[in-house]
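What follows is one structure encoded as structure tokens, with my remarks underneath.
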Amino acid sequence: MDEGRDDTPSAGRRHPLASAGSRLSPLQQAWSEYVTHATHCPVCRDIDRGRCDQAEQLWHAYREQGDDAYRRLHGETA
């Protein structure tokens, strides 16, 4: 028997919404660019062919952003 449920969430259960004006961090942006490319590129999608040159560049950009973020967290750069 379907007892239904209360579809109105209580005030404490609401999740904040991301603003349309919010931006991704540089690391998130680099990952997004890599994934977007890799999921649409026919060479990258074929597991037997590996990654194309553009994907390699995007991957290295992502790794650079990650390394930079790690250094900043540990105070190696200001």
Side-chain angles (χ1 to χ4, degrees):
M1 173 179 212
D2 184 15
E3 295 182 18
R5 64 181 197 183
D6 184 12
D7 287 336
T8 55
S10 64
R13 290 178 34 193
R14 292 185 181 206
H15 297 286
L17 298 175
S19 160
S22 66
R23 296 177 48 154
L24 297 174
S25 71
L27 180 63
Q28 291 170 319
Q29 183 63 40
W31 176 251
S32 175
E33 289 171 9
Y34 170 73
V35 170
T36 299
H37 169 80
T39 56
H40 293 93
C41 173
V43 174
C44 295
R45 290 179 57 184
D46 185 348
I47 196 161
D48 294 326
R49 292 170 73 182
R51 289 187 283 210
C52 70
D53 291 338
Q54 184 178 0
E56 286 294 330
Q57 291 173 349
L58 291 169
W59 175 254
H60 288 293
Y62 164 69
R63 292 294 309 262
E64 259 182 51
Q65 288 294 331
D67 291 345
D68 185 48
Y70 182 79
R71 284 190 295 275
R72 281 185 308 204
L73 281 173
H74 289 287
E76 295 177 15
T77 61

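Here the structure is a predicted model, which means the values were calculated and not measured.
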Which atom of Ala38 lies closest to which atom of Arg45, heavy atoms considered: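 Looking at all heavy atoms of both residues, the closest pair is O-CG, 3.4 Å.
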
What heavy-atom pair brings Thr36 and Thr39 nearest, and what distance separates the two atoms?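 Residues Thr36 and Thr39, closest heavy atoms: O-OG1, 3.2 Å.
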
Cys44 side chain reached by Gln54 side chain, heavy atoms, under 4.5 Å: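 No, too far: nothing below the 4.5 Å cut-off.
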
Would you please name every residue forming a side chain to side chain donor-acceptor pair (under 3.5 Å) with [X], sequence neighbours left out?
X: Gln29; result: Glu33
X: Glu64; result: none
X: Gln28; result: Ser25

Under the salt bridge (Lys or Arg N to Asp or Glu O under 4.0 Å) test, which residues partner Arg51, sequence neighbours left out? Glu56

Using side-chain contact (heavy atoms from CB on, under 4.5 Å) as the criterion, list what pairs up with Gln57, not counting sequence neighbours.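 Partners of Gln57 under the side-chain contact (heavy atoms from CB on, under 4.5 Å) test: none.
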
Just to verify, what does Asp46 make a side-chain contact (heavy atoms from CB on, under 4.5 Å) with, not counting sequence neighbours? Asp48, Arg49

My understanding is that a hydrophobic cluster links ILVMFWY residues whose side chain heavy atoms are under 4.5 Å apart, including indirect links. Using that, what else belongs to the cluster containing Val43?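 Members alongside Val43: none; it stands by itself.
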
Hydrophobic cluster partners of Tyr62 (side-chain heavy atoms under 4.5 Å):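 Members other than Tyr62 - counting any ILVMFWY side chain reachable under 4.5 Å - are Leu27, Trp31, Tyr34, Val35, Leu58, Trp59.
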
